[in-house]
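All remarks here apply to the structure that follows.
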There are 2 protein chains.
Amino acid sequence: MATDDLMSKVLEALGDAQPTVEAIHDLTDLAEVPSSMTIAEVADRLALSAHTLRYYERAGLVTVARDSQGHRVYDADAVRRLVFLTRMRLSGMSMRELQHYIELVDAGERTVPERMAMLAEHRDTIVRRLRELTLSLAAVDYKITTYGGATGSDVERRPSRDAAA
Amino acid sequence: MATDDLMSKVLEALGDAQPTVEAIHDLTDLAEVPSSMTIAEVADRLALSAHTLRYYERAGLVTVARDSQGHRVYDADAVRRLVFLTRMRLSGMSMRELQHYIELVDAGERTVPERMAMLAEHRDTIVRRLRELTLSLAAVDYKITTYGGATGSDVERRPSRDAAA
DNA sequence: ATTTGCGTTAGAGCGCGCTCGAAGTCCTAG
DNA sequence: CTAGGACTTCGAGCGCGCTCTAACGCAAAT
């Protein structure tokens with residue numbers, strides 16, 4: 001995924017600090033967004049390719065104005081929306097869902113409840129995924145610490161030749 | 001992913017307990033594995049499709065014997081390996097990496113160091129992913145709690161009509 | 001005897017999310 | 001005047017991980 005790098009960047013910036021609401025706020029919204037940017041600048045800032053930005057636009061996720069030469073001009077709103085989109089993609093929301101979400105946004109205030117519902121559901125998805133990963137981490141740790149040890153690995157526990165993984 | 005369901009199952013079984021090494025151990029390895037199973041039984045047990053099991057076999061991830069009728073017979077080792085594979089897939093290891101890992105396993109004991117290195121690297125990947133998701137969770141929570149509030153959402157903070165996501 | 005059901009194979013197809021290529025336009029620097 | 005470079009559009013292509021189809025085999029149940 002092209003969006004993978006963004007988070008690495010963000011996490012680097014964060015250091016070992018706990019990711020708090022404030023941190024998020026600082027890292028995305030409060031970072032001053034120039035009032036207009038070229039596609040290259042946006043691509044650079046969000047750590048995704050110009051190709052991907054055009055793709056998102058084609059997918060209807062964001063609308064971008066053109067200058068006199070037909071080149072894209074990203075305004076602050078567009079950039080902020082892209083920050084949001086990138087974050088949602090990265091946390092596992094599908095293009096399809098995002099398209100739906102954006103349709104809701106474009107449909108106006110009255111869709112706020114449905115948007116909230118989507119966010120809440122996505123939140124659940126993230127939490128579930130966190131639990132899965134935590135479990136997998138424990139499993140991998142277990143395998144690492146016991147590999148070749150007296151009791152065998154969790155996958156091959158019998159006296160153990162190389163029968164299993 | 002076909003493997004997604006397995007973890008749901010496991011997590012359900014876990015309830016709210018912290019996923020510990022012991023829990024993992026109980027849930028996978030110690031659960032008694034019949035000495036032989038049909039493809040349907042294995043599929044059911046691992047919550048993936050028979051199609052996927054055949055696919056994994058074709059991919060060289062596991063070797064499965066046949067009975068007199070040419071039907072697959074999964075022995076305990078095969079099942080344990082599949083448990084391992086499923087867990088790795090679920091935590092984000094690619095088919096390609098798993099193929100390499102299995103090659104190493106089949107190459108014998110002397111590849112243990114390289115296997116350990118792979119596991120350690122994968123461990124890092126999981127940890128990174130956990131941090132990403134934790135950050136995303138905070139962002140989504142922030143957006144949920146501030147949606148439409150006095151200060152605007154993190155994506156549209158100005159007095160806010162529906163300009164941004 | 002035939003239907004039902006579970007399995008087999010080889011290979012095609014699919015959904016996703018990009019990613020890239022071709023061909024063209026426009027501006028700037030040398 | 002020309003070359004380079006950044007951009008444009010449109011559409012094709014790709015890597016991944018399945019997922020499914022077709023045609024078939026075998027065996028127990030009706």
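As a basis for the values below, the full set of heavy atoms in this structure was taken, side chains included, without hydrogen atoms, waters or symmetry mates. Chain A is the first sequence line, chain B the second, and so forth, proteins listed ahead of strands; every chain is numbered from 1. Here the structure is a predicted model, which means the values were calculated and not measured.
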Worksheet item: Using a cut-off of less than 4.0 Å, is there contact between a side-chain N or O of A:Tyr56 and OP1 or OP2 of C:dG17?
Response: no
Discussion item. Heavy-atom count check: over 12 atoms from other residues, nucleotides or ligands less than 6.0 Å from B:Gln99 CD?
Written reply: yes
Worksheet item: Reckon A:Ala40 touches a base, only the sugar-phosphate, or nothing at all at heavy-atom distances under 4.0 Å?
Response: sugar-phosphate
Discussion item. Any side-chain N or O of A:Arg72 below 4.0 angstrom from OP1/OP2 of D:dT8?
Written reply: yes
Worksheet item: So which nucleotide from D:dC10, C:dG17, D:dT19 ends up closest to the side chain of B:Thr52?
Response: D:dT19
Discussion item. Keeping A:Arg87 on the side-chain end and B:Leu135 on the backbone end, is there a donor-acceptor pair under 3.5 Å?
Written reply: no
Discussion item. Which nucleotide wins on minimum distance to the side chain of A:His71, given the candidates C:dG17, D:dC26, D:dA6?
Written reply: D:dA6
Discussion item. It should be established whether B:Arg54 places a side-chain nitrogen or oxygen under 4.0 Å from OP1 or OP2 of nucleotide C:dG11.
Written reply: no
Item to complete: May I have the distance from B:Arg58 (atom CZ) to C:dA10 (atom C1'), rounded to whole angstrom?
Response: 7 Å
Item to complete: Step through the shown structure and confirm whether more than 12 heavy atoms of other residues, nucleotides or ligands are within 6.0 Å of CZ on A:Arg96.
Response: no
Discussion item. Please tell me if B:Arg66 has a side-chain N or O lying less than 4.0 Å from either OP1 or OP2 of C:dT8.
Written reply: no
Fill in: Residue A:Arg110 excluded, over 12 heavy atoms near CZ under 6.0 Å
no
Practice prompt. For A:Met95 and C:dC18, give me the distance from atom CE to atom P, rounded to whole Å.
Written response: 6 Å
Response to the item:
Rounded to whole Å, CD1 of B:Ile39 lies from C1' of D:dT19 at a distance of 13 Å
Worksheet item: Given C:dG7, C:dT19, D:dC20, which nucleotide is nearest the side-chain atoms of A:His51?
Response: C:dT19
Discussion item. Rounded to whole Å, how long is the line connecting atom CG of B:Leu61 with atom C1' of D:dG17?
Written reply: 12 Å
Practice prompt. Mind checking A:Arg96 for me? I need base, sugar-phosphate or nothing, with any heavy atom below 4.0 Å counting as a touch.
Written response: sugar-phosphate
Fill in: Closest to side chain of A:Arg89, choosing from D:dC20, C:dG17, D:dC18
C:dG17
Discussion item. Assess whether a salt bridge exists between B:Glu132 and B:Arg129, defined as any Lys/Arg side-chain N lying under 4.0 Å from an Asp/Glu carboxylate O.
Written reply: yes
Practice prompt. Establish, with yes or no, whether the OP1 or OP2 oxygen of D:dC16 is under 4.0 angstrom from a side-chain nitrogen or oxygen of B:Ser94.
Written response: no
